[in-house]
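See below for the structure under consideration.
In the text below, chain A, chain B and the rest are named by the order of the sequence lines, each starting its count at 1.
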Amino acid sequence: MYVRGTVAGEVEVRTVSTSYGESDLAEVPLRLEDDDSESEDASDQQPEYETTTVTLWNKWTESAKYVEPGMELLVTNAKEEEYQGETRYATTGDSYVVVEPTFLVNVTAIRNWVECPRLYYLNKLSGVPLNYPVVKGTLVHEVFGDLLRGRDLEESIDARVEERGLELGLLGETAEGVAEDVRENASAIEGWLEQGRLTEDDTETTTDDDSTQFSPAESSWRSEQLLISETFGIRGRADAVRRGSPVELKTGKNLKKEPRFKDKVQAACYALMLEEHGGSVDTGTLLYTKNSALDRNEETGDLTPAKDFSMGDGLLKFVVRLRNELAAMEIKGDVPTGYEGSAKCEYCFEQDTCMVVSGRLDQESKAGQIGQPIPADEREYFERFYRAIEEERREVHHEYAKLWEQDAQERADDDRALIDLEFVEKRPLEEGRWELRAKRTSGANSKIREGDFVLASDGHPVRGNSELATIERLDDEVVLTADEPVEVTRLDVYPSELTTDRLLAAMHDALLKGSDRRKDILFGRADPEFDTVSETFIDNNAAQNEAVTKAVGANDCALIHGPPGTGKTYTIARAIRAMVERGERVLLSAFTNRAVDNALEALLEQLEEHGEIDADRVVRVGSESGVREDMQPYRLERAGEPEDRVETLQNAQVVAATTATCGSRVMKEQAFDVALVDEAAQLTEPGTCAAINLAERFVLVGDHEQLPPVVRAENDLTESLFERLVNCHPDAGVMLDRQYRMNQRIQAFASREFYDGKLRPAEPAVAGRTLDDLEDVSRDALPENLQDSVAFVDVEGDSSQYTDSEEAARIADLIETYEAAGVERDDIGVIAPFRAQVSEISSHVPDDVTVDTVDRFQGSSQEVIIVSFTATGTLEGPIFEDYRRINVALTRPKRALVLVGDSNALATDPVYARLLEWANA
DNA sequence: ACTCTGCACAGAGGA
């Protein structure tokens, strides 16, 4: 039986004498999880939790040592015992004990941890930089997968090497040289596979007599299996599985008789998960592909690069204990010192790094410390942000947990899954992968888009057969590509820690690798300095001109505050052009792909008009699905001839990429004179660092009166670096004060409420904008209350919380009214605070009217905007409390704004009360 | 309480 609960008190470990001799035991007080939470008689009482004791025997006491009250604990195959009239539980010989099972540990993390816990920490902190052995290792793995899937060796090598052209180029490698290296390792694999076919009956059907080729399609092999364990809290991707047992490929050499211990541990992790998925695993195989023909026969007499080992119970349990140690340390927020393990520092490749990090952060470390610690305020900052980023990571883990905790319908309702697909077909592709097709049976929405990675499963993403797949096309039919054929009936969003990892590395790099001058600026110890620039860049807008002057003349940083419609994008483009003319190399970045492409578009227009550099010296780095269609010609293709790929990137004078991409291995090899970050108020501090780490000086452009960064957990990440620096270095900032969007009446409230009354129309034509300026539109045709540019429509509203059907109905009427007056439907936008209300309204109005949440409207504008407040009674709730959201909503229209809401509810909040007053004026 | 975009995945290795 299965026991799960929360540790309810101190754990006691002791030794007792039993009939088998001396044994260790740990008694853990446990508050059991209520597994019948369905009990519908919601008798308003707090559920009564049952508290019991679980006895962990022998080696499991090691895990008990890490356990603290409040942690979650799971025991499999436990036995029930009666003790003084009370039901208690204890481990049996078949039990596993799992600490914090929802903390999902990567297999590679466990592999690093067993080598040295501090190695695990360092790897997490700074990531692995671009280096040839790693890229080559990855290539050999890819070719191995291809071989298993039946692809021709030479074809696979050529294709895989070509795919990595850019990385190889950055490493100074040639395609031929790399292909030769990969071939050496891959031939060992190929030979072994063929031998295996002859002797081990891996292929069940008889092949044509003259075919010596391995034919995996009919075999008991599977390549690349993604495994997620809800019981053990482990996830990872096995290189291959042969007759249910894990096969791990290593590119290194190992002439010893036994596999390396950490390699065994890795294979054991996969074995655990395979067993959970219903298998029974008694062996593991490691393939050391550098053990070439020349090495055979010598000491060991081995004929193959493969080493099999038996997967004993003891090893599997040891692996779970390792995982427990890691999870417990992460939950406590402790930092490993290296003393936890037995590795010898003098043999470690990371010894120097370890000592430097320990020295700079003043951390206890087995390897010792080198150098001076960074200042105390920086260490405090590091700890604060480390914690915040780790909280974000926990949120990603919760996303994983939802894969098994929520049922399919719940996931679909959360827009995190597409369910009830009808499987159509699987088709092998030339390169050995599979194309999978399924039909959608409902029009349900989800956040899954083309180009996304998803978990494709035949029913359940964790318990069923599932595989990581790429969405190639998504309409009535879903077309996917994957390494293995899955009869897809369901797709789930695949949670990834990638962004979290990159944030952590960016913060690490900023603090430990950043220049002293940069850190003086970031920590407010020095004021930014500026060179005098006498050129006039923009002659009809003084604030924009000052912004460009500051951006160009900044020695450290410049901060451009751009309220709605003030020509931020144009100003950025002008500044970059000026920098390019001065011969500088510029990084253009922003949080979203959309913002990057917008800024890039404006820059290209500038360059075209005043062509100082070739457009082919402008490069957009990003994935194919992320980059907008019209920017694809500038997108850097990663595949190709290494030298050519690297030249294209190195020669680029302007590189545009999202901040997340700036944290990639390829981008981290690049250096710039200036980094210019747009929409910087929507970025977390570490997110901003990912971009500015790559440059000598930086310019941040944004508006902290609009929406802040999106974060999963409530923490220090919610304030942007932009906002902090604007307050810390007011002299480095410029506010663009003239807006080119809203007429005078519309902008008045936002200007007064959010910009100290400093925002004003750029010119009389903007101030006096009305609907009459539009072709075929006459304001006289509108009812009187709508003739003013700002109108309020009072609707009593219904009592439901996140929707309001009355408002939706009124909005539908309003749209008809505007249409009757000659306004085109696609000139009208409707904004609502909640997604539920967005769909409510969408069902009432024609398709070509844009209806969306405030958050998604940020960055765009429309002739007419209708805002649905969706609130009756009071305005309680986080969505209304953040006034920046209302700022965004009110500053989208150019010519007409209609506010639809319940005036009694609005009047309960002072800001909204002033809003009413303004709208009704 | 509600809002919600990124990134490609995880792991690849040196001795």
Sugar-phosphate, base or nothing in reach of A/R260, heavy atoms under 4.0 Å: base
P-based separation of B/dT3 from B/dC7 [nearest Å]: 23 Å
Selected nucleotide, minimal atom distance to A/E115 side chain, candidates B/dA15, B/dA10, B/dT3: B/dA15
Phosphate OP1/OP2 of B/dC4: any A/R856 side-chain N/O under 4.0 Å: yes
5' precedence on DNA chain B between A/R164 and A/T592 (nearest-nucleotide basis): A/T592
Phosphate OP1/OP2 of B/dA10 contacted by A/Y494 side-chain N/O (<4.0 Å): yes
A/Y883 and A/D909 side chains, donor-acceptor separation under 3.5 Å: yes
5' priority, DNA chain B, between A/T251 and A/T661 [closest heavy atom]: A/T661
Sugar-phosphate only, base, or nothing, as touched by A/D452 at under 4.0 Å among non-hydrogen atoms: base
Sugar-phosphate, base or nothing in reach of A/G451, heavy atoms under 4.0 Å: base
Distance test, side-chain N/O of A/N106 to OP1/OP2 of B/dC9, below 4.0 Å: no
Side-chain N or O of A/K250 closer than 4.0 Å to phosphate OP1/OP2 of B/dA12: yes
Sugar-phosphate, base or nothing in reach of A/F857, heavy atoms under 4.0 Å: nothing
Closest nucleotide among B/dC9, B/dC2, B/dG11 to the A/V107 side chain: B/dG11
Short side-chain N/O contact to B/dG6 OP1/OP2 from A/S623, under 4.0 Å: no
B/dA12 base / A/N131 side chain donor-acceptor hit below 3.5 Å: no
Any A/Y802 side-chain nitrogen or oxygen under 4.0 Å from OP1 or OP2 of B/dC2: yes
Sugar-phosphate, base or nothing in reach of A/R885, heavy atoms under 4.0 Å: base
Flag for A/D452-A/Y494: side-chain donor and acceptor within less than 3.5 Å: no
Pair A/Q706-A/N887, side-chain donor/acceptor within less than 3.5 Å: no
N/O (side chain, A/T853) to phosphate O (OP1/OP2, B/dT3) under 4.0 Å: no
Distance-only polar pair, side chains of A/T500 and A/E392, donor-acceptor under 3.5 Å: no
Sugar-phosphate, base or nothing in reach of A/G236, heavy atoms under 4.0 Å: sugar-phosphate
N/O (side chain, A/T138) to phosphate O (OP1/OP2, B/dG11) under 4.0 Å: no
